[in-house]
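What follows is a single structure, written as structure tokens, with notes after it.
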There are 2 protein chains.
Amino acid sequence: METAVGLLRRFGLGDLSMRRLARELEVQVGALYWHVKNKQELLVEVAAAILGAPALAAGPDGPERSAGGSPSDGSGDRLDARGRILHLAATLHTTLLPVPDSPEVVNVARVLAPGRLEPLTRLTELLETAGLDRAGAVSAQAMIVNHVLGSVAEAQNRADFDVPGSDAPDFRWALERALDGLLHP
Amino acid sequence: METAVGLLRRFGLGDLSMRRLARELEVQVGALYWHVKNKQELLVEVAAAILGAPALAAGPDGPERSAGGSPSDGSGDRLDARGRILHLAATLHTTLLPVPDSPEVVNVARVLAPGRLEPLTRLTELLETAGLDRAGAVSAQAMIVNHVLGSVAEAQNRADFDVPGSDAPDFRWALERALDGLLHP
DNA sequence: ACCTGAACACCGTTCAAGT
DNA sequence: ACCTGAACACCGTTCAAGT
């Protein structure tokens with residue numbers, strides 16, 4: 001896993017092949033298939049490892065109580081949840097940004113093993129504590145995660161060969177505006 | 001292009017290889033590289049073809065005037081634009097849904113040749129006529145397109161091997177709520 | 001202008017056989 | 001329990017050479 005994650009971090013998904021990984025480990029390709037059913041399973045593990053970053057660890061148990069002076073409008077409970085949602089989404093963004101092709105990898109894991117990605121399930125829970133019912137939370141979570149992954153992919157591709165022009169979408173602005181609508185009062 | 005699109009439609013991206021395409025055309029692989037610089041360029045063309053579907057064609061020139069009885073709130077201008085945005089996003093969704101792996105293909109094109117995907121640039125324009133400034137429209141467009149592509153990918157994967165359970169995200173609900181926030185009054 | 005033949009450097013997966 | 005060797009069936013891309 002260390003070697004696999006390192007390969008992804010340094011060279012991207014194109015160089016995270018079973019054969020390359022085996023070479024790096026000084027082992028025959030076939031050996032990998034004793035530890036892992038197939039490549040997809042490896043990628044699920046890699047995604048879980050990336051989303052296991054300390055910055056994404058769950059906070060202290062129970063609903064966190066912040067004492068900062070928060071802006072106006074709405075109940076304190078609501079705003080608190082909104083702030084934590086915003087923070088989680090932003091942390092996801094900055095965690096994935098430096099890992100090439102991380103959106104593809106996370107997407108594989110999201111499909112094959114949702115539930116293995118704790119921060120994403122936590123996001124759904126936060127949306128529920130913000131007042132959404134189960135169905136709403138699931139729908140909003142999907143939209144937010146799509147936004148995070150899509151924005152990271154866009155930024156990474158832009159860095160590869162696009163104009164570094166200033167007409168890049170504003171991740172945070174769109175996220176905040178969408179949250180306004182999703183957490184309707 | 002017909003053969004390539006057909007291959008994608010019938011078997012998905014895994015079977016849309018240069019070699020498979022050449023075999024289907026009863027031609028040597030190398031021949032393809034006279035018509036196309038590389039596979040990515042082929043995929044851009046394929047994406048443009050898919051988004052060229054009649055259902056996604058631009059309406060009659062100039063801002064369309066519908067006479068239907070629209071709900072309350074806001075100015076008529078605003079609501080009209082919102083309706084057209086909603087309709088375009090929904091049409092994108094239903095157009096891509098039956099084409100396996102279309103989100104991946106469109107994403108490649110979105111990165112390598114934005115502007116070749118007319119319906120997506122039109123979406124940005126609609127967001128501007130809905131009252132957003134250029135930067136806001138670009139950011140909102142990215143979020144909406146991410147939502148459409150992500151939702152289609154999710155639905156396609158779900159169909160492949162997931163529980164057909166009812167806990168699927170609600171594409172339309174999330175889109176409408178996010179639009180509420182994005183087109184803030 | 002358009003295509004063939006053939007090569008180069010890769011893939012993921014399987015599986016008998018070894019230790 | 002864990003790995004090797006070797007095979008199978010694929011990839012994308014390039015390029016001299018043909019017509």
Side-chain angles (χ1 to χ4, degrees), chain A residues 1-50 99-113 116 153 156-157 160-161, chain B residues 1-49 100-113 116 153 156-157 160-161:
Chain A
M1 279 309 304
E2 275 169 40
T3 310
V5 172
L7 233 26
L8 183 70
R9 274 212 148 76
R10 302 206 307 272
F11 310 112
L13 203 46
D15 286 82
L16 178 44
S17 67
M18 298 303 272
R19 298 184 105 103
R20 175 74 186 274
L21 178 57
R23 205 186 319 139
E24 218 80 8
L25 292 167
E26 295 181 295
V27 148
Q28 293 299 114
V29 217
L32 300 179
Y33 287 82
W34 191 90
H35 300 272
V36 126
K37 194 169 139 282
N38 51 35
K39 190 179 180 181
Q40 302 209 325
E41 189 173 305
L42 178 87
L43 292 183
V44 168
E45 232 75 31
V46 168
I50 290 170
V99 184
D101 303 315
S102 50
E104 269 115 311
V105 177
V106 171
N107 244 327
V108 171
R110 193 159 59 128
V111 157
L112 299 199
R116 287 291 311 275
Q156 292 181 346
N157 290 325
D160 275 4
F161 49 65
Chain B
M1 279 309 304
E2 275 170 40
T3 309
V5 172
L7 233 27
L8 183 69
R9 273 212 148 76
R10 301 207 307 270
F11 310 113
L13 204 45
D15 285 81
L16 178 44
S17 66
M18 298 302 272
R19 298 185 107 102
R20 175 73 187 273
L21 178 57
R23 206 187 317 140
E24 218 80 8
L25 292 167
E26 295 180 296
V27 149
Q28 293 298 113
V29 217
L32 299 179
Y33 287 84
W34 192 90
H35 299 274
V36 124
K37 194 169 139 283
N38 51 35
K39 189 179 181 180
Q40 303 209 325
E41 190 174 304
L42 179 86
L43 292 183
V44 168
E45 232 74 31
V46 167
D101 303 315
S102 51
E104 270 114 312
V105 176
V106 171
N107 243 328
V108 171
R110 192 158 60 129
V111 157
L112 300 199
R116 289 289 311 274
Q156 292 181 347
N157 290 325
D160 275 5
F161 48 65

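When reading the values below, keep in mind they use all heavy atoms of this one structure, side chains included, and skip hydrogens, waters and symmetry mates.
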| For the side chain to side chain contact (heavy atoms under 4.5 Å, CB included) test, which of Leu8(B), Leu13(B), Leu112(B) pairs with Leu43(B)? | Leu13(B)
Integer-rounded Å distance: [N] [atom2] and [X] [atom1]:
X        : N       : atom1 : atom2 : result
Arg20(A) : dA9(C)  : CZ    : C1'   : 14 Å
Lys39(B) : dC11(D) : NZ    : P     : 9 Å
Glu26(A) : dG5(D)  : CD    : P     : 13 Å
Leu13(A) : dC10(C) : CG    : P     : 17 Å
Leu25(A) : dC2(D)  : CG    : C1'   : 14 Å
Phe11(B) : dC11(D) : CZ    : P     : 13 Å
Leu21(A) : dC3(D)  : CG    : C1'   : 15 Å
Arg23(A) : dG12(C) : CZ    : P     : 11 Å

| request: Could you tell me whether Val29(A) contacts a base, only the sugar-phosphate backbone, or nothing, with contacts defined as non-hydrogen atoms closer than 4.0 Å? | output: base
| query | Say you draw a straight line from CG of Asn38(A) to CE of Met18(A); how long is it, rounded to the nearest 0.5 Å? | reply | 7.5 Å
| CD of Glu45(B) to CD of Gln40(B): how many Å apart, nearest 0.5 Å? | 13.0 Å
| message | Quick check on dT14(D): is either OP1 or OP2 less than 4.0 Å from any side-chain nitrogen or oxygen of Tyr33(B)? | response | no
| Counting just side-chain N and O atoms, does His35(B) come under 4.0 Å of either OP1 or OP2 of dA1(C)? | no
| message | Does the structure show a Watson-Crick or G-U wobble partner for dA7(D), both distances under 3.5 Å? Name it, or say none. | response | dT13(C)
| note | In Watson-Crick or G-U wobble terms, with both distances under 3.5 Å, the base opposite dC2(C) is dG18(D)
| field | Atom CZ of Arg9(A) with >12 non-hydrogen neighbours under 6.0 angstrom | value | no
Between [options], which nucleotide gets closest to the side-chain atoms of [X]?
X        : options                  : answer
Asn38(B) : dT4(D), dC11(D), dT13(D) : dT13(D)
Gln28(B) : dA1(D), dG5(C), dG12(D)  : dG5(C)
Trp34(B) : dT4(D), dT13(C), dA1(C)  : dA1(C)

| If you pin Arg19(A) and Leu32(A) to their nearest nucleotides in DNA chain D, which one's is more 5'? | Leu32(A)
| said: List the residues meeting side chain to side chain donor-acceptor pair (under 3.5 Å) with Gln156(A), not counting sequence neighbours, and say none if there are none. | reply: none
| request: Considering only atom P, compute the distance from dC2(C) to dA17(D) and round it to an integer number of Å. | output: 22 Å
